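All remarks here apply to the structure that follows.
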Amino acid sequence: MAVYFAALLPDRTGAWVIFLPDFPEAVSQGNDLEDALAAGQTLLNATAEAFARDGRALPQASDPDAVMRFGLKEMAALPEEYAQGRPVVAPFATPKADLAPVRVSLRMTRGDLAEIDRKAKLAGCTRSAFMVRAARAFSETYS
């Protein structure tokens, strides 16, 4: 389990924007600091899962001082009417689950496989991604 630091930037409305500088594509927001902290953990979880799905290793975590410098730079780039206060740096732990993809073998009819492939294509995802999503949806229905 790794710990990553997020920069949380306040605005004049009381909302917060969350950046995970080690993952440039990872940005979220919260209506208040508590909401932002929850959104930050959700953001890191989703990002770590996406990296695992894609077979990519997680990057080395930046230290808190570097993340604070990032937050200050982002605040300075905001229009004056939006910027409010100072950034906050918060730690977030990656999920405890083993996110490494594994290969499985399933038996089914050719017709079922063709139907799965057709629906995966319609959903714009791979066969594996479609089956994982379907299994999660089924599991949520019966949990």
Side-chain angles (χ1 to χ4, degrees), residues 1-79 81-84 87-143:
M1 173 174 54
V3 174
Y4 289 90
F5 293 91
L8 292 90
L9 283 55
D11 75 10
R12 62 177 173 73
T13 68
W16 293 77
V17 178
I18 303 103
F19 293 93
L20 289 169
D22 298 313
F23 305 92
E25 68 276 17
V27 179
S28 190
Q29 64 184 23
N31 294 325
D32 55 33
L33 185 55
E34 183 179 340
D35 189 38
L37 291 169
Q41 187 63 62
T42 300
L43 178 63
L44 179 58
N45 292 352
T47 302
E49 288 175 7
F51 268 64
R53 240 187 341 269
D54 296 345
R56 296 185 288 163
L58 295 175
Q60 174 127 8
S62 297
D63 66 80
D65 291 335
V67 174
M68 177 56 85
R69 287 191 299 275
F70 173 90
L72 290 169
K73 182 179 172 187
E74 290 295 316
M75 286 290 290
L78 290 174
E81 64 269 18
Y82 293 108
Q84 177 79 29
V88 171
V89 173
F92 294 98
T94 54
K96 293 177 183 150
D98 180 3
L99 298 175
V102 294
R103 182 176 299 276
V104 297
S105 176
L106 301 171
R107 290 180 170 268
M108 65 184 73
T109 67
R110 284 192 174 98
D112 287 341
L113 185 59
E115 183 68 9
I116 288 169
D117 287 342
R118 186 183 71 74
K119 289 183 178 180
K121 185 175 181 180
L122 287 173
C125 62
T126 65
R127 176 190 297 159
S128 294
F130 180 82
M131 292 180 72
V132 167
R133 289 176 190 171
R136 285 182 180 156
F138 184 85
S139 177
E140 288 172 8
T141 300
Y142 293 100
S143 58

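Given the structure is predicted, the values throughout are model-derived calculations rather than measurements.
Under the 4.5 Å side-chain criterion, counting only non-hydrogen atoms from C-beta, F70 is not in contact with P87. Looking at heavy atoms from C-beta onward, F23 lies in side-chain contact with L58 at the 4.5 angstrom threshold.
Here the CG atom belonging to L72 is positioned 9.5 Å from the CZ atom belonging to R69, to the nearest 0.5 angstrom. The CE atom of M68 sits 11.5 Å away from atom CG of D63, with the distance rounded to the nearest 0.5 Å. To the nearest 0.5 angstrom, R133 atom CZ is 7.5 Å from T126 atom OG1.
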Can you list the steps and then say if V17 with D11 is a side-chain contact (heavy atoms from CB on, under 4.5 Å)? CA-CA 8 Å; V17 178; D11 75 10; 5.7 Å; no
Checking M131 against L106 for the side-chain contact (heavy atoms from CB on, under 4.5 Å) test, could you report, in this order, the C-alpha distance in whole Å, the side-chain angles of both residues, the deciding distance, and whether it holds? CA-CA 11 Å; M131 292 180 72; L106 301 171; 3.1 Å; yes
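A donor-acceptor pair under 3.5 Å is absent between the side-chain atoms of S28 and the main chain of I18, judged by distance alone. Without hydrogens or angle criteria, S139 side chain to A135 main chain gives no donor-acceptor distance under 3.5 Å. Not a single donor-acceptor pair under 3.5 Å links the side chain of D22 to the backbone N or O of A61.
Annotation for N31: atom CG does not count as buried by contact number, only 12 or fewer foreign heavy atoms lying within 6.0 Å.
Considering every non-hydrogen atom in both L8 and A36, the closest pair reads CD2-CB, 3.7 Å. The shortest heavy-atom contact between L37 and A90 is CD2-CB, 3.8 Å. Scanning all heavy atoms of the two residues, the minimum distance from I116 to F130 falls at CG2-CD2, 3.9 Å.
Side chain to side chain, N45 and Q41 meet the donor-acceptor criterion of an N or O pair below 3.5 Å.
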